[in-house]
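The structure under discussion appears below in the form of structure tokens.
We count ligands from 1, going down the list as the structure has it; atoms in each ligand are counted the same way.
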Amino acid sequence: MTEKILLIGSGAREHAIAKALNKSKAKIELFCMASSFNPGIAEICSEIIVEDFNDIDNVIRYSKEKSISLSIIGPESPLETGLADSFWNEKIKVVGPKKDLAKIETSKSFARDLLRKHKIPGCPKYKTFNSLFGVESFLKEIGDHFVIKFDGLAGGKGVKVSGEHLSNHADALDYCKQIIDAKGLFVVEEKFLGEEFSLMSFCDGNTLQHMPAIQDHKRAYEGDTGPNTGGMGTYTDHNHSLPFLKTSDIQLAQNINISVSEALKKECGEGYKGILYGGFMATSEGIKVIEYNARFGDPEAMNVLSILETDFFEICDAVSSGLLNKLNITFQKKATVCKYAVPEGYPDSPVKGKPIYINSNAENLGEFFHASVDLKNNKLIQLGSRTIAAVGVADTISEAEKIAEKKINCVKGPLFHRSDIGTSKIIQKRIKHMDQIR
Ligand code: AMP
Ligand code: GLY
């Protein structure tokens, strides 16, 4: 039987998902509903249509027309809209949690309350506000290291951190006022100091199977400077840990993901089916929780799916059917490095609509994943966001870095990337930082 699958989303993460499905032994016909045309995904699927995937009625109509039996939801916005709920109502299986369960990502206060209520380790001191009443005294209680989080999806722009975006309590109060003026809620919390990493788990509502730990680089420029972005690049090590982590750190992060999935089940009355993404910080006081996402990370998906050994369709089927306990998911014992090329001016004032070229030296090296890039008159045109990613896979991070770096340098146009991601210089800095604070 041919499995008809609908992929929602059209970034490099979704290109990685499409490539992983394309390697499956199963007979698959892939469709994609996209926010922009993606030439990489288009090559793999039967049809890619550019339509609003938050228009649930339209997605369901299209899915019925194509006799879709399984959908994989890439980005967070349709999870918040409740697309997964509607698919299940139509008896279409889904990889991606229902709306209530996705609140682990879509509401910062929900995520914090869940950790506190269920006594899950790693929660900071925090309070949720809808007015300035009590904010100043809570900030005084926390001190100089604080974070203010808008309580909703804001495309990575809702979180402001002391010492980075906010210099003092007065700045913090100004930002809180902005949120209040927009009728929003916000969370004020303690800022953790340490090294960030992410650990994603496949989750079928009962069983979790964990993926390798990954470190992303959120800042736009070399040396972790410049504005925050969606993530400029990522790496994993051959042992599925990171050079600055201990085995016990990984174990703790995995246990926190398990506890979160159990807590979600108790809170929402049903299990979480999808990718549970824990964002953690290794600190002097152990592993702390920064945030949760309800989907694959981007670029993190490219690292893990590049070394996945198990058939990805079988995983998706097991996640959505509650049969993950029947699978043993494995990854190659290889290191990976992913680097994004982004438009000049990204993220604040990116150039848009310019052609980019890929020279033929790229062919025998690593792999490309297309993101915000269109194909017009046989030319690749960048659309203004993260444009194309290159992934290197090798025995060591250093070798993988060299492959990713060479490959991304084959992309020409008004773009830049972070050449330091995955280099020993920046990794040694992380190790030294952890040694100093532990
Ligand atoms: P989020 O949108 O929750 O991922 O937050 C964006 C970024 O803000 C994270 O990647 C962290 O770098 C930073 N951040 C969020 N919460 C904290 C915290 N409690 N302590 C330190 N940094 C944080
Ligand atoms: N790379 C971080 C994210 O996908 O949210």
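Among the candidates Ile381, Asn38, Ile356, Leu383, the single residue satisfying the side chain to side chain contact (heavy atoms under 4.5 Å, CB included) test with Val373 is Ile356.
Using a 4.0 Å cutoff on heavy atoms, Phe296 does not count as a contact of ligand 2. Distances shorter than 4.0 angstrom do not occur between any heavy atom of His145 and any atom of ligand 1. At least one heavy atom of Gly230 sits under 4.0 Å from some atom of ligand 2.
Of all the heavy atoms of Asn293, the ones lying under 4.0 Å from any atom of ligand 2 belong exclusively to the side chain.
Atom NZ of Lys333 is surrounded by 12 or fewer heavy atoms from other residues, nucleotides or ligands within 6.0 Å. Within a 6.0 Å radius of NZ in Lys191, more than 12 heavy atoms belonging to other residues, nucleotides or ligands are found.
Between the side chains of Asp174 and Gln178, no donor N or O sits under 3.5 Å from an acceptor N or O.
With respect to atom 11 (C) of ligand 1, the closest heavy atom belonging to the protein is Glu196 OE2, 3.0 Å. Looking only at protein heavy atoms, the nearest one to atom 5 (O) of ligand 2 is Arg295 NH2, 3.0 Å.
Close contacts between ligand 1 and Ile290 involve ligand atoms 9 (C), 11 (C), 14 (N), 15 (C), 16 (N), 17 (C), 18 (C), 20 (N), 21 (C), 22 (N), 23 (C) [criterion: under 4.0 Å to a heavy atom].
For atom 2 (O) of ligand 1, the nearest non-hydrogen atom from the set Lys191, Lys108, Lys218, Lys149 belongs to Lys108.
Taking the six-membered ring where the residue is Trp, Phe129 and Phe138 present tilted rings, their angle falling between 30° and 60°.
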